[in-house]
Structures are given as structure tokens and as C-alpha cells.
Amino acid sequence: MPLTLAVSIAFCLLAYGAWQLSRGALLSGLAPALWSGGLLLVGALGLVVALSWDIAIQVLRPLDELAAAMDKLGRGEPVHVHPMKREGAIRRLQLGVNQASKLLASARNRMQSELGRASIELADKNAKLEAASQARSRLLAAASHDLRQPLYALTLFSSTLRAGETDPDKLARMVHIEECVASLDQLFSELLDLSRLEAGSMRAEPVDVYLDGVFDEVSRNFRMLAESRGLRLVVRKTDAWVHCDRTMLARILNNLVSNALRYTDAGGVLIGVRHQASGRIRVEVWDTGCGIAPEHQHRVFEEFYQVKQADTRTGERKRGLGLGLATVQRLASLVDCRIALASRLGRGTRVSITLEPGTVRAPGSSDGIDSPLDLGGLRVLAIDDEPGIAEGLRVLLQEWGCDIRTASDEAGALARLSDWTTPPDLVLSDLHLQDGRSGLDVLGAIARHYGEDERRPRFARLLVTGETRPERVDAIMASHIPVLFKPVAPHRLREAMLAAVLAVRAPRPAGPFA
């Protein structure tokens, strides 16, 4: 409206100036008319400029304020624009911006309130989940501690049943008993591994490992089981070395082979090595079993997840807890190796682990035990406050040809050694004994009894425990005494005993720090 009025006034002044110019030219000459018309034109232009400035102040400034307000809204900042008094489009825009700012502030406050409540609920749920996880870990640890004692004794006694027996019927029953004990030991070992992993009591100690030695150990563990089921267990020879924790690597392969044999009814299992272009070593376990459907493949490494399969020969469901591959996954993360699975339903499965290469040693050297597992004549003192375990150790080690004595505490151990003028070849002790005493204390007392250095006596030491608490496991490891975790299979006990004895009998380096 102001612009229209200004233009109208300017046109009027220009028309009046033109009329005065023509009239002056006719009446009194040209020069005065020109001066009069020029003055009128200048006045008209001044009026236009003044009105334009007023328009700029009343229109452009509110538009700039609206633009700045919109920028603040875009950044989520609250804004308030003072609306013009005059009705019009600009006033409506200003009122709309103020209303939008109020709505956004209300929505933001509501969202912050909801986020606060959600955060509190999430924290509460996380606390409950953490408490449930800790409770489960405590339950597993307590259950495994209470169950492993009789299971360990059962494992020891069952391995001695067939000694001297010739009756075919009794031998067949004993074989069934051993199979049941082995199955129970496998299931319980899975639970024990899980509780130890959750408790954080497993520590990886990477060393250079000769793979062929580990393969031989796996072959010894499962060849008889494979043959009893009419399956082939093929282990390809290799000269590869890897840098890994040997115990964890052996456990990974044992779990993979055990799982492969469990779900294979015909054919067999193959263990082999592939050298990758990157220099890394890939260990593969192949089977000709039932395979895994695609929808299950991404879940088989979860805890307690099982793909239900039945033995085609018996129709009986295959036994397991669904922890074998979950344990493999956790162990693989501890030793920093990559695990991969490929499977075709009805055709078989391949599981591979990729490891860092180790330093190749001289031909013929290995990290395994190459000496025959002959313990005949070995003088052994076994200490355990559980009578069933002590008796089981006595019977088993006598069958192996050892001169075995047993005790339940420190006083009994020293009494049993009274007629041995030299230290025994091996002291095998439980960690937790009566009256809160520790097997470490008893081992120290025996060393002092013979005037030995407690840190490195001249007799072999071996601890057996079901302890899973990280701080206790760390204390045991700090003692540099070999440790076995219950339940211990007889063949593993035999190997550990021989390894401990050989380690003590090996030549010691000379010098003040030997």
C-alpha cells in the first residue's frame, strides 16, 4: 500500500511538472518552466526514496528476523519473534514461527522425559541381567564343584574295571559303563569349560606349537570312539607350526572332532591343514555327517542351541548340551583366531580355524610328549580329602605299575613319607583340603621335609582342582605348578604325570639363578 501511494504521488508530481513546463513555455518562455519542472521532479524522487526507506524498515527487517529465527529452529534452539502490530502476511508468519517454537520445545521436553524413563528402565534391566548372569555363573561353578568330585572318582574307578576280566558278558557291560562315563564326562566338561570361561579363569599363553603333536593327541583321544561307531578318523600329517595356546588349541580341536563324530553316522572325519597366501595356517575339520541347514548355521555357536538330530541307526536323539561349539567360539576369541563354518544339509560340514604361523624349529622337535607313557615303578604320593577319589587314584595308579601312597592332609602325607628317605618322584595333590588347607601348603611342607627349595624341588608336582575363581586360578598359575581341572580323564592324567616327571628330570641350567 505505501509503495502504491508513493508511485501515485510521484506520477502526479511528474504530470504537474510536465503541465507547468508546457504552460510556461507557451506563456513566458522556456527557462523558467524548465526550472520549475526540474524542482518538481527532484521533489518527487525524494519522496519516492523516503517512502522506499520506510518500506525497507517495515518489511525487510521483519523478514531478516524471521530468517534468523528459522535458522535457530533448525538448530533446535527456542525462539520468540515480536509480531508486528499491523495485520498482514508477515504478522501471520511471525505468529506461526512462535507457535512452532513452542510446539518443538514441548516435544523436546516430552522426549527428554521419555528418554530419561527409558534410560532408568534400561539400567534396571541391565542390572537384573547382570545379576542373573552372575547368579548363573555362581550356579555353574557351585554345581560343577559339587558334581566333579564323584564324577572324578567314577572316572577313575571305571577305567580299572576291565583289568583281569575275561568274561565276555561282563566285559560288554563294562564297555557300556565306560561309554556312559565318557559321555557324562564330555557333557560335564562342556559345562566346566563354560563356567571357567564365564568366570574369566582361562588365560591364553601363546607359544610356538607343532601342529602334528596336537593332531596326534586328538587322534589318540577319538580313534577308538570312531572305530567303535564304524567311522574313519583321518589325520593328515603336517610340518606346520603355529603361535597359539597349546591347551586351548587342543581343546578347540577336541570339541570340533567330538561334535563331528556325534553327528556323523557314516563315512568319517578328516583333520587337515591349508597354508594361506597371507602366511597364516588354516586348520580344517571335515565330516560326512548330516550337515546343518542354512537357517541354523548362524546360531550353532550360541550357548545351549542344538539342532535336533537322531542317530539313523538307532533313532535315538544325539546327546549333548549345545555347548561344544559355543565353547569353541569363546576359546577362539581368547587365542585370537578366526573360526568359519560351511555346511550342506545331508552332505557334511567343514569348520576351520585360522591361526598365526609359529617359528619353525629343527626337524624332529616337537612340543608334545614323545616318550612312551610308561609309569612303571614311579613313586607317587596322592593327596585328596575325598576318600572315593583317593581310593580311585590308588587303584588306577597301581594298575599302571606305580608305587602309590595316599593321604588326606598334610600330617597324613608326612607320615606316609616317613620311610622314604628320598623324595617321591611325583606328588599329586588336590588344591582344597580339609580345614581350609591348600595343596600348595602341603607341597611346600613336603619340600621342607626333604630340605628342598620350595619353589623348585627335585620332585615333580601336580595339582588337581575344580577351582574356577579368577583370583585363585591366577595364584595357582603364579606358583608355576602344572594344574589339571577336574574331572580328569585317565589318559590325560597319565600324560600330565609323565610330563611333570620328565620336566623335573631334564637337565637344569647352571649358574646362580638355576
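Taken from CG in Leu443 to CG in Leu381, the straight-line distance is 9.0 Å, to the nearest 0.5 Å. Rounding to the nearest 0.5 angstrom, the gap separating the OG1 atom in Thr354 from the CD atom in Glu284 is 8.5 Å. Here the straight-line distance linking atom CZ of Arg461 with atom CG of Leu440 works out to 8.5 Å at 0.5 Å rounding. How far OG of Ser228 is from CG of Leu261: 9.0 Å, rounded to the nearest 0.5 Å. The structure places CZ of Arg416 at 9.0 Å from CD1 of Ile404, a figure rounded to the nearest 0.5 Å. Leu345 CG to Cys290 SG: the interatomic distance, rounded to the nearest 0.5 Å, is 7.5 Å.
No donor-acceptor distance shorter than 3.5 angstrom exists from the side chain of Arg347 to the backbone of Gly291, with no hydrogens or angles considered. Side-chain atoms of Asn109 come within 3.5 Å of backbone N or O of Ala105 as a donor-acceptor pair. Under a 3.5 Å cut-off, the side chain of Ser343 and the backbone N or O of Gly348 do form a donor-acceptor pair. Panel note: side chain Thr288, backbone Ala266; a donor-acceptor pair is recorded below 3.5 Å. Using a distance-only test at 3.5 Å, with no hydrogens or angles considered, a donor-acceptor pair links the side chain of Asp208 to the main chain of Thr359. Without hydrogens or angle criteria, Thr264 side chain to Ala260 main chain gives a donor-acceptor distance under 3.5 Å.
The minimum heavy-atom distance linking Pro357 with Gly279 is given by the pair CG-O, 3.3 Å. Closest of all the heavy-atom pairs between Leu426 and Ala500 is CD1-CB, 4.3 Å. Across all non-hydrogen atoms, the minimal contact from Phe215 to Arg236 is CD2-O, 3.7 Å. Across all non-hydrogen atoms, the minimal contact from Ala407 to Gly412 is CB-C, 3.6 Å. The two residues Val214 and Ala250 have their closest heavy-atom pair at CG1-CA, 4.0 Å. Between Val273 and Ala240, the closest heavy-atom pair is CG1-CB, 4.4 Å.
Leu463 has its side chain out of reach of Pro482: every pair of non-hydrogen atoms, C-beta onward, lies at least 4.5 Å apart. The side-chain heavy atoms of Asp430 and Glu386, taken from C-beta on, include no pair separated by under 4.5 Å. Taking 4.5 Å as the limit, every side-chain heavy atom of Asp287 sits out of range of all side-chain heavy atoms of Tyr263. The side-chain heavy atoms of Thr238 and Val283, taken from C-beta on, include no pair separated by under 4.5 Å. Put simply, the side chain of Val218 does not reach to within 4.5 Å of the side chain of Val235, judged on heavy atoms. Using a 4.5 Å heavy-atom cutoff, the side chains of Val269 and Leu256 are not in contact. Annotation: side chain of Arg437 is not in contact with side chain of Asp385 (no heavy-atom distance under 4.5 Å). When side chains are defined from C-beta on, Val351 counts as touching Ile339, because their heavy atoms get closer than 4.5 Å.
Applying the 6.0 Å contact sphere to CZ of Arg232 captures no more than 12 heavy atoms from other residues, nucleotides or ligands. Heavy atoms from other residues, nucleotides or ligands lying under 6.0 Å from CG of Asp441 number more than 12.
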Audit row: Arg456, Val504, side-chain contact (heavy atoms from CB on, under 4.5 Å) steps and yes/no: CA-CA 9 Å; Arg456 195 173 181 183; Val504 171; over 6 Å; no
Leu431 and Val483: CA distance, side-chain angles, deciding distance, side-chain contact (heavy atoms from CB on, under 4.5 Å) verdict: CA-CA 9 Å; Leu431 178 65; Val483 181; over 6 Å; no
Intermediate values then yes/no, side-chain contact (heavy atoms from CB on, under 4.5 Å), Leu211 and Ile281: CA-CA 10 Å; Leu211 270 181; Ile281 309 296; 3.9 Å; yes
side-chain contact (heavy atoms from CB on, under 4.5 Å) between Ile353 and Val335, worked out: CA-CA 11 Å; Ile353 54 173; Val335 299; over 6 Å; no
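Side-chain contact of Arg108 with Gln112: a donor-acceptor pair under 3.5 Å is absent, judged by distance alone.
Between Asp216 and Arg220, none of the side-chain N atoms (NZ, or NE/NH1/NH2) sits under 4.0 Å from a carboxylate O, so this pair counts as no salt bridge.
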